[in-house]
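Here the structure is laid out as structure tokens; the discussion comes afterwards.
Each ligand, and each atom within it, is numbered from 1 in the order the structure gives. Owing to the predicted nature of the structure, the values given are computational and were not obtained by experimental measurement.
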Amino acid sequence: MNAKILVIDDELGIRRGCQRALEPLGHQVVFATSFQEGQEKIAAQDFDLVLLDVMMPDGRGIDLIPYILARDPEAIAVIITGYATVELAVEAIRRGAYDFIAKPFTSEVLLVTVNQGLQKRRLSLEARRLQSIEREAVQLAAAKAEAEKLNQFKTEFTNMVTHELRSPVGGAQSLLRILLRGLAGELNPQQIDILKRVEGRLDELLDLINDLLDLAAAKTVAPQEALQPIPVQPILQGVLDRFEADAQAKEVRLVVKLPKDGFKVQATEDGLGKIFGNLVGNAIKYTPMGGRVTLETRQDGTQLEISVADTGIGIPADELDHIWEDFFRAKNAKRSGILGTGLGLSIVKELVDQFGGHIAVHSLEGQGTTFNLRLPLV
Ligand code: ADP
């Protein structure tokens, strides 16, 4: 270790001697010729080791030790003394000096003392580093336990709330249907209009509850054994069938290239359906009348690549990074009046991560969006 060493001594011979012994070893040697100059240098710079003359015309080297240690508790102070007495040695050590050498001294004695001092400093610094790592590890473990507890609570809370909410909403929808079909008496057009709006709001509420349930399920990491090789083609076909009527109603053309039969990915059937359902559903939802949604799949080595591209409203560039966040909806989506909860892509991201895949998005506002999904093939 090349060290930075300060030599405080009023004797030129001692300073020269130290320089000759220490510099060839790669150490940087700085000098001070008086107590005061030494004090100034200690205040201005960091040193690994300080060699101090015990007695200078303007002060005692021993009195500088507290300054040295205040700046760096691990710095090494070595006293140079012309009259090595036990009392002086004891006082120096008591004040925190590492060792002392008696004048006149050979360069061997100097080097042994300096090397031992630097070795002690290395060990002290290493011990301090380990202590701080240990402290950080303890803090991290506590933070992790806290986060896990919070996560657990969040999942339980969401599950409880969603289950408690879904049945009453379902009940209210059934009752409304009875009214709307005229089974509880003839309704006038104004009443029908109001009840239809209530029905619309309940549909929205149910969408939100269902998305919350899906998100809670997705965030509760499925145990590895729950994942199985799932054939992709039938799941995609099922999703396309489900959305065909929506696409037709908007005259959105669905251009589809399904994967070969037999492609399987390690996933859950329900999770895979949620991923494709959200991507295809969004593509149709955010594409205006007469647009096009293209679904393509291809094999790339051990990966299955699936892209869902649309000619829809796109996502503003400055919001692209946020679309995976819970409840996030882009400004243009909100402005368009298209309903949504901002949870679909959070669910997608969560599931794709769990299935060991990767998803990316490219979009130009006003022109369209493409989601590229990669899943490892079984
Ligand atoms: P939402 O229920 O609002 O559709 P998502 O989580 O599925 O929620 O999507 C988050 C946001 O990302 C949407 O609100 C919308 O702003 C944007 N988005 C997602 N898919 C598309 C798409 N195909 N075209 C344009 N915007 C999209």
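Closest to atom 3 (O) of ligand 1, if we only count protein heavy atoms, is R329 NE, 2.6 Å. The protein heavy atom nearest to atom 16 (O) of ligand 1 is A330 N, 2.9 Å. The closest protein non-hydrogen atom to atom 6 (O) of ligand 1 is L345 N, 2.7 Å. In terms of protein heavy-atom proximity, atom 12 (O) of ligand 1 is closest to I323 CG2, 3.6 Å. Closest to atom 21 (C) of ligand 1 among all protein heavy atoms lies Y286 CD1, 3.6 Å. Nearest to atom 10 (C) of ligand 1 among the protein's heavy atoms is F328 O, 3.3 Å. Shortest contact from atom 20 (N) of ligand 1 to any protein heavy atom: N282 ND2, 3.4 Å.
Contact annotation: for I315 versus ligand 1, heavy atoms closer than 4.0 Å belong to the side chain alone.
Heavy-atom minimum distance, Q19 versus F31: CB-CZ, 3.6 Å. Looking at every heavy atom in both residues, N2 comes nearest to L25 through OD1-O, 3.7 Å. Residues W324 and L345 approach most closely at CE3-O, 3.7 Å, considering heavy atoms.
Side-chain contact between L254 and I284 is present, with heavy atoms from C-beta onward closer than 4.5 Å. Looking at I80 and F105, their side chains come closer than 4.5 Å, going by heavy atoms from C-beta outward. Using a 4.5 Å cut-off on side-chain heavy atoms (C-beta onward), V352 and I275 make contact. Residues L343 and L208 are in side-chain contact: their nearest non-hydrogen atoms beyond the backbone lie under 4.5 Å apart.
Some N or O of T341 is nearer than 3.5 Å to an N or O of ligand 1, by distance alone. Polar contact with ligand 1: absent for I313 (N/O pair, distance under 3.5 Å). Close N/O approach between K285 and ligand 1 is found [any backbone or side-chain N/O within under 3.5 Å]. For a threshold of 3.5 Å applied to N or O pairs, the pair formed by D310 and ligand 1 contains at least one separation below that value. Among the atoms of G342, some N or O lies under 3.5 angstrom from an N or O of ligand 1.
Distances shorter than 4.0 angstrom occur between a heavy atom of G314 and an atom of ligand 1. Heavy atoms of F371 approach ligand 1 to within less than 4.0 angstrom. Heavy atoms of K334 stay at 4.0 angstrom or farther from ligand 1. Between N278 and ligand 1 there is no heavy-atom distance shorter than 4.0 Å.
Side chains of Q119 and N115: no donor on one and acceptor on the other come within 3.5 Å.
One finds no salt bridge joining E74 and R121 here, because no Lys/Arg side-chain nitrogen approaches an Asp/Glu carboxylate oxygen to under 4.0 Å. With respect to the salt-bridge test (charged N to carboxylate O, under 4.0 angstrom), the residues D99 and K120 do not qualify. Classification of D63 and R95 as a salt-bridged pair holds, one side-chain N sitting under 4.0 Å from a carboxylate O.
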